[in-house]
Amino acid sequence: MGASMVGHVTVLFFATARTAVGEPRLRWPCDPPTMTARTLVRSLAESYPKLEPTLRTSRFVLNGRYLASLAVRVRAGDEFAVHPPYGGG
Amino acid sequence: MSVRLARGRLSVSAAMRELEGPGLGGVVLFVGRVRPDVTPRGRVAALEYEAHQELALAGLSELGRNARTRFGARRVILWHRLGRVPVDEASVIVGVATGHRAEAFAAARFLIEELKVKVPIWKAEPARRARPRQPHPRGPGGRSAG
């Protein structure tokens, strides 16, 4: 049986999320292929415990659209952004 | 409408020029500047701003459209700095021109308050370089940032 091809999601981190992860962007395995935004957020929290408090107060953006629900499917090639509470001005 | 995310200084005079036009009897310009607040880390010397740029520009444009619809704003500017902004420099300029003052004040207030909570822009105090401690003959004191 051959190795399965795992695609990737690009995850963008801003502000306190970037500080917690230490990188502005990561290529994140899209595994399983049926991953949802909720699954992705959980896996990020597990891999980066310092990110977890920020994730609880963040908004999420998938391919430039704000997510109203984390039930949405995330696919290989998608761009997913973590937006901590805003603070311009 | 003019929306901008700028790495360089924001010009108040350029902002005023954007708000000129016939019959615009009420012009309100809000300029937000970096304060030298005192924090547990010392006095703030600068703030660092970052944005999710595509979404921030889209968000600023949407706010401008809302100001037109809700307050009849005929000219709107929403300019925000990115990168390092030293104390006393403008980090944001919001400007509105309308027929009369009441709508201009209301629209400007609406724009700056909405910008702070709905546009993906963040600020942070830049990390400070550790300096070697040098004893001062008169002991500690003085300003932590110039």
Side-chain angles (χ1 to χ4, degrees), chain A residues 8-28 30 36-38 40-41 44-45 48-70 72-89, chain B residues 3-6 10 29-35 37 39 41 44 47-64 77-83 85 89-95 108-128:
Chain A
H8 291 83
V9 178
T10 300
V11 185
L12 307 180
F13 302 98
F14 296 91
T16 52
R18 177 174 38 72
T19 304
V21 171
E23 301 282 348
R25 66 170 58 207
L26 291 174
R27 287 181 79 235
W28 201 258
C30 193
T36 63
R38 181 170 290 107
L40 174 56
V41 169
L44 289 169
Y48 296 94
K50 286 183 184 171
L51 181 62
E52 202 273 336
T54 298
L55 290 170
R56 275 192 261 125
T57 57
S58 290
R59 300 176 74 184
F60 303 103
V61 180
L62 183 63
N63 299 326
R65 291 175 179 264
Y66 291 98
L67 291 183
S69 160
L70 291 180
V72 66
R73 180 79 60 85
V74 177
R75 294 177 168 83
D78 284 351
E79 183 183 83
F80 185 84
V82 178
H83 281 195
Y86 305 147
Chain B
V3 300
R4 187 180 295 174
L5 296 171
L10 301 179
L29 196 69
F30 171 80
V31 179
R33 300 196 299 175
V34 175
R35 291 186 304 267
D37 287 348
T39 72
R41 299 167 63 197
V44 170
L47 292 177
E48 186 89 25
Y49 288 87
E50 66 177 298
H52 191 161
Q53 293 201 30
E54 301 92 330
L55 290 180
L57 287 169
L60 292 173
S61 297
E62 185 179 354
L63 287 184
I77 66 162
L78 290 155
W79 294 351
H80 206 295
R81 282 281 292 272
L82 295 181
V85 183
E89 285 192 17
S91 57
V92 61
I93 297 182
V94 168
R109 182 68 185 254
F110 164 80
L111 287 169
I112 187 62
E113 300 298 343
E114 291 284 295
L115 181 155
K116 281 174 169 286
V117 296
K118 291 195 174 166
V119 179
I121 299 173
W122 298 268
K123 62 173 162 277
E125 196 179 342
R128 296 173 192 209

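Labels below follow one simple rule: chain letters A, B, ... track the order of the sequence lines, proteins then strands, and each chain is numbered from 1.
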- [ ] Find out whether V85(B) and K123(B) are in side-chain contact, i.e. whether some heavy atom of one side chain is under 4.5 Å from a heavy atom of the other.
- [x] no

Open item on the list: When you measure from the side chain of S91(B) to the backbone of G32(B), do you find a donor-acceptor pair of N or O atoms at a distance under 3.5 Å?
Closed with: yes

TODO: Check each atom of P85(A) against the heavy atoms of chain B and say whether the ones under 4.5 Å are side chain, backbone, both or neither.
DONE: backbone

Task: Electrostatic pair K118(B)-E62(B), nearest N-O below 4.0 angstrom - done: no

TODO: For chain A, find its close neighbours in residues 49-58 of chain B: heavy-atom separation under 4.5 Å, sorted by number, or none.
DONE: Y49(B), E50(B), A51(B), H52(B), L55(B)

TODO: Mind checking ring-ring contact (aromatic ring centres under 6.0 Å, His included) for W122(B) and listing every partner two or more places apart, or none if nothing turns up?
DONE: F14(A), H83(A), Y86(A)

Task: Winner by heavy-atom pair count (cut-off under 4.5 Å) against chain B, out of A81(A), G64(A), G88(A) - done: G88(A)

Task: Side chains of T39(B) and V44(B) in contact at under 4.5 Å (non-hydrogen atoms) - done: yes

- [ ] Identify the residues of residues 20-28 of chain A whose heavy atoms come closer than 4.5 Å to a heavy atom of chain B, ordered by number, or report 'none'.
- [x] none

TODO: Only counting residues at least two apart or in another chain, list the ones meeting side-chain contact (heavy atoms from CB on, under 4.5 Å) with F80(A).
DONE: V9(A), V11(A), A37(A), L40(A), V41(A), F60(A), L62(A), L67(A), V82(A)

- [ ] Please flag which part of A15(A) lies under 4.5 Å from any non-hydrogen atom of chain B: side chain, backbone, both or neither.
- [x] both

Task: T54(A) to S58(A) - nearest heavy-atom pair and separation - done: O-OG, 2.7 Å

Task: R4(B) CZ to L10(B) CG distance, which is reported to the nearest 0.5 Å - done: 8.0 Å

TODO: For residues V3(B) and L63(B), determine if any side-chain heavy atom of one lies less than 4.5 Å from a side-chain heavy atom of the other.
DONE: no

- [ ] For residues P126(B) and L47(B), report the shortest heavy-atom separation together with the two atoms involved.
- [x] CD-CA, 3.9 Å

Open item on the list: Do L60(B) and L5(B) have side chains that approach each other closer than 4.5 Å (heavy atoms only, starting at C-beta)?
Closed with: yes

- [ ] Please determine, among V94(B), V117(B), I112(B), I93(B), the option with the most heavy-atom pairs under 4.5 Å with chain A.
- [x] V117(B)

